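To keep things clear, I will list the structure first and then write my remarks on it.
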2 protein chains.
Amino acid sequence: MTGFGIDNLPYGIFSTPGTHPRTGVRIGDAVLDVAALTGDDVHATGSLNAFMARGPAAWAQLRADLTGRLSDAAHRATVEEYLHRLDDVTLHLPFEVADYVDFYSSRHHAENVGRIFRPDGDALTPNWTHLPIGYHGRAGTVRVSGTPVVRPSGQRKAPQDAAPTFGPSIRLDIEAEVGFVVGTPSELGTAVPQAAFAEHVFGVCLVNDWSARDLQAWEYVPLGPFLGKSFLTSVSPWVVPLAALEAARVAPPAREHELQGYLQDGEPWGLDLDLEVRLNGEVVSRPPFDQMYWTPAQQLAHLTVNGASLRTGDLYASGTVSGPGRDQRGSLLELSWNGTQPLTLADGSTRAFLEDGDVVTISATAPGAGGGRISLGEVTGQVLPAR
Amino acid sequence: MTGFGIDNLPYGIFSTPGTHPRTGVRIGDAVLDVAALTGDDVHATGSLNAFMARGPAAWAQLRADLTGRLSDAAHRATVEEYLHRLDDVTLHLPFEVADYVDFYSSRHHAENVGRIFRPDGDALTPNWTHLPIGYHGRAGTVRVSGTPVVRPSGQRKAPQDAAPTFGPSIRLDIEAEVGFVVGTPSELGTAVPQAAFAEHVFGVCLVNDWSARDLQAWEYVPLGPFLGKSFLTSVSPWVVPLAALEAARVAPPAREHELQGYLQDGEPWGLDLDLEVRLNGEVVSRPPFDQMYWTPAQQLAHLTVNGASLRTGDLYASGTVSGPGRDQRGSLLELSWNGTQPLTLADGSTRAFLEDGDVVTISATAPGAGGGRISLGEVTGQVLPAR
């Protein structure tokens, strides 16, 4: 059981040697050529954007069509000629990223970061339980899983240093996150309520928001992260349609105080996703997404409540997913407690932050409609030395 | 003298009733239809991106060609059939914005903001003189001059309030800025040195980075501005080629300490631009750009030093331009000193922040090659009530 059964059917962009990138759907260890099967030019554009822009009725129709073709024995033979072995295809960035927003919606993560960097203050800033904190990242450096991570250089200054120094980052880190991909745009000046979440969001991917903690620490006051994040953000090649995650929907955690109207909990859009982080093949963390404080529906409502418009291809990520346990933390910053408690790997080596050559892979599963679990695939990357 | 003589020749995207948007060049009070004149499809795409992507040799060649045609009496008659009166055309967003970055490079502005919000601390954060602080903004809400400014709603909480409240912003502000438009992309993982500035940056526009100070104050710790900025950013319709600003180049201010290698001053890329801010037609500020601490070449080098790649259409803005004088401040936050010293307008009314119906127009001029001044045009917008 691969987690890519008929109750999943995630979309991606693939090519075979000598052919143009086009839309495919993963089924088992194969990719169904949706462009060739349907003959619809929207699937031959080399990104999911044009299809996503058609809106939820078109998404539902194609999913029903594909489900029918893949379920029905009578169709099976015609479908098979459009299948490619996964090993024979190259997977590309599945969508053109319009704007990229990164939230900060795991309470456990935010509290860990607060305790590490502000040991004498409150773990959470006063706004944290009132709104989903977020910021814009660099859309142009979002790349598909497998893209190498060239170690970034930049300025850093430890508190005890007299002046900043320049060089390759010595605190390169990961952030295990879940991303939400917007299909249907919205008008400038008009808020999108939580109830419209499923009309606008097409699907879900995995995100590794690679972070250079030393660069970030020196630059981020007062305007937030910039070069500490902008060198690369990796996404999984498969976008799981929201429709495949119905069985994963759960209520978010209890609230401490009443939320502003646009953020009040309605239909549950918490998601019971189990993430897994592997470092050089070894599982180092299993972050649970079901404990995220802010849901993607609340994030969308917040993102647009000031009238900001959505575009097809907007990506917003959850922020680092961390659970309460030490082995549920979604970053090395937390796993090694800012380097003070390095991880010991199976080969006896230790890690506070990433070394050149390290490979990090984030994967996730969720309950599927078939009673088993569906897979969100994985996002992976290897660290290369600074140039 | 309009400031749009032969030594300027800025590019924009225009249409006449019933025609498609295409590339034009402004000359005097007319627009030259570059698409029709040259017959080159790159100018019929409805944005400058495809032309900008061709790189500096193509930019120089077209500028020389247009200069020749507009200077030479023998060509004059053929050119005239491609001219449209400015009053007869609609101007569009001149380029598709890839990523939008906003810097914070006026020392006077940063010190004013520091004194207002941290009266007991240092005016500048420790990193400010070591690197050009910047952050990513929302590319999808960058709009052309003239787009109405719908007053944004959101959460705010004054220090004395027990809990946040929700409603239309009551501290809506402007930020007078200068924007730099990237033409030539760069590779992921490779820094762009200051010396390559003119190979990558196509031209310059004016930017009004509308800001809701009350939303911003509550949300921005610890990850920076988000909804306080993302509802709208306005740009001028004309992109002045870097080549038109040769006579405007000046050295930046003296440095307090040695800069890291990638930021050390080389060829001078400070720019002697005179900005003007009008509120309901009345000049309220004249910010001088020549005193900006960080140059656009330094900003570009910083933006990419971690290996972040550039895309055609990337826009990065200077940050609010403020000079040392009270009448040289580029935001109402500074002009009214956070509302404590409201401006008195000619009609006897006062302004701490913007009221519904207010019109703000930012314009600028620079020394031109002809010995006079060239115009960067203007960026304007009217505030509409919250929806």
Side-chain angles (χ1 to χ4, degrees), chain A residues 98-102 104 125-127 130-131 133-141 143 147-148 150 152-155 157 163-166 169 188-191 212 215 218-228 230-232 257 260-262 302-303 305-311 314 384 387, chain B residues 98-102 104 125-127 130-131 133-141 143 147-148 150 152-155 157 163-166 169 188-191 212 215 218-228 230-232 257 260-262 302-303 305-311 314 384 387:
Chain A
D99 270 298
Y100 167 48
V101 165
D102 196 20
Y104 189 56
T125 52
N127 51 10
H130 292 279
L131 53 80
I133 291 174
Y135 66 101
H136 285 91
R138 190 162 185 82
T141 51
R143 292 290 195 281
T147 302
V150 178
S153 292
Q155 292 190 29
K157 182 185 164 301
T165 55
F166 180 87
S169 170
L188 188 68
T190 305
L215 278 54
W218 172 231
E219 74 179 358
Y220 91 107
V221 175
L223 298 182
F226 185 39
L227 299 192
S230 65
F231 56 96
L232 182 67
H257 46 70
Q260 296 293 335
Y262 74 100
H302 186 64
L303 175 56
V305 75
N306 68 343
S309 48
L310 301 173
R311 288 185 295 171
D314 280 349
L384 299 188
R387 282 185 190 157
Chain B
D99 269 299
Y100 167 47
V101 165
D102 195 20
Y104 189 55
T125 51
N127 51 9
H130 292 279
L131 54 79
I133 292 175
Y135 67 100
H136 285 91
R138 190 163 185 81
T141 51
R143 293 290 196 278
T147 302
V150 178
S153 291
Q155 293 190 30
K157 180 184 166 301
T165 55
F166 180 88
S169 171
L188 187 67
T190 305
L215 278 54
W218 172 231
E219 73 180 358
Y220 91 107
V221 175
L223 299 182
F226 186 39
L227 300 191
S230 65
F231 56 95
L232 182 67
H257 46 70
Q260 296 293 335
Y262 74 99
H302 186 63
L303 174 56
V305 76
N306 67 344
S309 49
L310 300 173
R311 289 185 295 172
D314 279 349
L384 300 187
R387 282 186 189 156

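Heavy atoms only: backbone and side chains are in, while hydrogens, waters and symmetry mates are out. In what follows, chains are A, B, ... by sequence order, proteins preceding strands, each numbered from 1. This is a predicted model, so every value here is computed, not measured.
Comparing Arg143(A), Gln155(A), Arg311(A) by heavy-atom pairs within less than 4.5 Å of chain B, the highest count is held by Gln155(A). Of the listed residues (Gly307(A), Gly134(A), Pro126(A)), the one with the most heavy-atom contacts under 4.5 Å to chain B is Gly134(A). Here Asn127(A) is the residue among Leu384(A), Leu131(A), Leu310(A), Asn127(A) with the most heavy-atom pairs under 4.5 Å with chain B. Between chain B and the residues Tyr135(A), Phe166(A), Tyr220(A), Phe226(A), the most heavy-atom pairs under 4.5 angstrom are made by Phe226(A). Contact tally against chain B (heavy-atom pairs below 4.5 Å) for Pro152(A), Ala308(A), Gly154(A): the top residue is Ala308(A). If you tally non-hydrogen atom pairs under 4.5 Å between each of Pro148(B), Pro164(B), Gly261(B), Pro222(B) and chain A, the highest count goes to Pro164(B). Interface remark: of the candidates Val101(A), Thr141(A), Asn306(A), Val221(A), Asn306(A) forms the most heavy-atom pairs closer than 4.5 Å to chain B. Contact tally against chain A (heavy-atom pairs below 4.5 Å) for Ala191(B), Gly137(B), Ala98(B), Gly228(B): the top residue is Gly137(B). Across Val150(B), Leu215(B), Asp102(B), Thr125(B), the residue that shares the most heavy-atom pairs under 4.5 angstrom with chain A is Thr125(B). Contacts with chain A were tallied for Val305(B), Thr165(B), Leu232(B); Val305(B) has the most, counting heavy-atom pairs under 4.5 Å.
For Ile133(A), the part lying under 4.5 angstrom from a heavy atom of chain B is the side chain only. Heavy atoms of Ser230(A) lying under 4.5 Å from chain B belong to its backbone as well as its side chain. For His302(B), the parts lying under 4.5 angstrom from a heavy atom of chain A are both the backbone and the side chain. Looking at Tyr100(B), neither its backbone nor its side chain comes within 4.5 Å of chain A, counting heavy atoms on both sides. Only the side chain of Arg387(B) comes within contact range of chain A, judged by heavy atoms closer than 4.5 Å. Only the side chain of Asp99(B) comes within less than 4.5 Å of a heavy atom of chain A; its backbone N, CA, C and O stay farther away. Contact of Ser169(A) with chain B is not made at all, since no heavy-atom distance falls under 4.5 Å. For Tyr104(A), the part lying near chain B is the side chain, with the backbone staying farther off; criterion is any non-hydrogen pair under 4.5 Å.
The CG atom of Leu227(A) sits 9.5 Å away from the CZ atom of Arg138(A) when rounded to the nearest 0.5 Å.
Proximity of Thr147(A) to Leu188(B): side-chain heavy atoms (C-beta onward) are separated by under 4.5 Å at one or more points.
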